[in-house]
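Single-structure report; data block below.
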Amino acid sequence: WLRFDQSGTDAIISDYNFSSVAGVGTGVTTCHFDVNPPSTNYGVTLGGTHDAGGSISLTTISAGSFQITCCDKDGSVSNNNAITCSVWHE
């Protein structure tokens, strides 16, 4: 699991098995595992405190990380101040 903040410099608030988060651009963050899952056959559940009608989407999955993108209610990419991720794997 992972909880992080995108406002300002992306930063981990609390986690288990994540080494870092890296802001790629406004509203886009790559989340890096401390110990990689055994394969890319894992799922990610996302949640956050974005504006009503906003979205948080999983955009890329790889062996050592995944990337998410946040958008506001108008569909524009924007930062979110509290994102929570749960990872499920075999």
Side-chain angles (χ1 to χ4, degrees):
W1 55 268
L2 171 67
R3 183 170 172 85
F4 69 97
D5 184 347
Q6 276 184 327
S7 60
T9 301
D10 291 23
I12 293 175
I13 297 168
S14 61
D15 75 288
Y16 178 78
N17 195 35
F18 283 86
S19 59
S20 64
V21 293
V24 179
T26 300
V28 181
T29 301
T30 301
C31 306
H32 299 274
F33 293 109
D34 193 28
V35 176
N36 295 346
S39 72
T40 57
N41 295 327
Y42 62 87
V44 180
T45 304
L46 302 169
T49 57
H50 216 295
D51 295 339
S55 65
I56 304 170
S57 304
L58 182 66
T59 51
T60 305
I61 280 189
S62 66
S65 64
F66 59 88
Q67 191 171 84
I68 63 144
T69 300
C70 295
C71 294
D72 63 21
K73 62 185 174 188
D74 299 320
S76 299
V77 178
S78 63
N79 288 333
N80 190 320
N81 64 354
I83 298 167
T84 303
C85 309
S86 297
V87 178
W88 309 92
H89 60 83
E90 46 185 317

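Keep in mind that the numbers below use all heavy atoms, side chains included, and drop hydrogens, waters and symmetry copies. All of these numbers come straight from a predicted model, not from anything done at the bench.
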Roughly how far, to the nearest 0.5 Å, is CD1 of Ile56 from CD1 of Ile83? 5.0 Å
Interatomic distance, NE2@His32 vs OG@Ser19, rounded to 0.5 Å, equals 6.5 Å
Do Ile12 and Leu58 land in one hydrophobic cluster if side-chain heavy atoms of ILVMFWY residues count as linked below 4.5 Å? yes
How many angstroms lie between atom OG of Ser62 and atom CG of Asn36, to the nearest 0.5 angstrom? 8.0 Å
Closer than 3.5 angstrom, by distance alone: can the side chain of Asp74 be matched with the main-chain N or O of Ser76 as a donor-acceptor pair? no
CZ of Phe66 to OG1 of Thr60, rounded to nearest 0.5 Å, is 11.0 Å
Student check: side-chain heavy atoms of Trp88 and Tyr42 closer than 4.5 Å: no
Taking Thr59 for the side chain and Gln67 for the main chain, is one N or O donor matched with an acceptor at less than 3.5 Å? yes
At what distance, to the nearest 0.5 angstrom, does CD1 of Ile61 lie from CD1 of Ile68? 12.5 Å
Side-chain contact test, heavy atoms from C-beta onward, threshold under 4.5 Å: evaluate it for Asp15 versus Asp34 and give yes or no. no
For a quick test of reading the model, state the closest non-hydrogen atom pair linking Val77 to Thr26 and the distance between them. CG1-O, 2.6 Å
Donor-acceptor under 3.5 Å (Asn17 side chain, Val35 main chain): yes
Note: Cys71 and Ser78 closest approach over all heavy atoms is C-OG, 3.7 Å
Nearest 0.5 angstrom please: Thr69 OG1 to Leu46 CG, how far? 10.0 Å
Given the options Asp5, Thr9, Thr29, Val21 meets side chain to side chain contact (heavy atoms under 4.5 Å, CB included) only with Thr29
Here the pair of heavy atoms bringing Cys85 nearest to Phe4 is SG-CE2, 4.0 Å
Does Leu2 belong to the same Ile/Leu/Val/Met/Phe/Trp/Tyr cluster as Val44, with side-chain heavy atoms less than 4.5 Å apart forming each link? yes
Does Asn79 offer a backbone N or O that forms a donor-acceptor pair with the side chain of Gln6 under 3.5 Å? no
